[in-house]
Amino acid sequence: DSGVTQTPKHLITATGQRVTLRCSPRSGDLSVYWYQQSLDQGLQFLIQYYNGEERAKGNILERFSAQQFPDLHSELNLSSLELGDSALYFCASSVRLTSGTTDTQYFGPGTRLTVL
Amino acid sequence: DAKTTQPNSMESNEEEPVHLPCNHSTISGTDYIHWYRQLPSQGPEYVIHGLTSNVNNRMASLAIAEDRKSSTLILHRATLRDAAVYYCILRSPTNFGNEKLTFGTGTRLTIIP
């Protein structure tokens, strides 16, 4: 158990719909990352938040958005869903970083999204 | 980001050591070498990381070549639970907005009972 929780575990929805994925980081971790894993693209970084602010963006579609709340939990919102958005979505968290070092990211169990 | 090259798949017998190679010929002097693994139906899991010296922890050992252009993850006694996809990832030291993990295709390790 990494200490990172994600809900729901599974989500089945239809094209055109909107869903929200939730992530609770490990206690004390300020950084939250979102990754998408699909069969054809592998694991890809979407977006990172640090202490409530967006810190880095990856290959995140404009239809997708995220935020991190004052209690440090994060939500990933996916709208106008397409069949190709079906994937596993992972959240990871890490502690505050010291300059000149690298962090260790702890991943949640993921949310499996199926768009029909 | 500097690129890593790993074999697509490897097999090993249970209770034997496993050596998973990673080539990273374009590594910069400050890049750390990280290994993560992903067990079936789970999120990725941190295994080990190092900069120049060999590293050991309870999960594995990391052997880094003297020129740092390659490294080897060593599982000393593989169990069936070690069957996973192993990712070798290069990471620059903390830099604003540069902490993401860039996953390649990894090595799928199969353990034979």
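Closest approach of A:Thr102 and B:Ser92 over heavy atoms only: CG2-O, 3.4 Å. Taking every heavy atom of both residues into account, B:Tyr36 and A:Asp103 meet most closely at OH-O, 4.3 Å. Between A:Phe45 and B:Lys100, the closest heavy-atom pair is CD2-CD, 3.3 Å. Among all heavy-atom pairs drawn from A:Phe90 and B:Gly43, the shortest one is CE2-CA, 3.3 Å.
Atom CG of A:Leu116 has more than 12 heavy atoms from other residues, nucleotides or ligands within 6.0 Å. Crowding of B:Asn8 atom CG: a count of heavy atoms from other residues, nucleotides or ligands under 6.0 Å not exceeding 12. For A:Arg26, the CZ atom is densely surrounded, since the number of other residues' heavy atoms within 6.0 Å is greater than 12. A 6.0 Å sphere centred on CZ of B:Arg108 holds no more than 12 heavy atoms belonging to other residues, nucleotides or ligands.
The backbone N or O of B:Glu99 lies less than 3.5 Å from a partner atom in the side chain of A:Gln105, making a donor-acceptor pair. In this structure, A:Tyr35 contributes its side chain and B:Leu101 its backbone to a donor-acceptor pair below 3.5 Å.
Criterion: ILVMFWY side-chain heavy atoms under 4.5 Å apart, direct or through other members. Under it, B:Ile111 and B:Leu20 are part of a common hydrophobic cluster. Taking hydrophobic clusters as Ile, Leu, Val, Met, Phe, Trp and Tyr residues chained together by side-chain heavy-atom distances below 4.5 Å, B:Ile112 does not share a cluster with B:Leu109.
Contacts of A:Gln44 with chain B are absent, with no heavy-atom separation under 4.5 Å from either backbone or side chain.
Here the CD-CG distance, from B:Gln38 to A:Leu88, works out to 7.5 Å after rounding to the nearest 0.5 Å.
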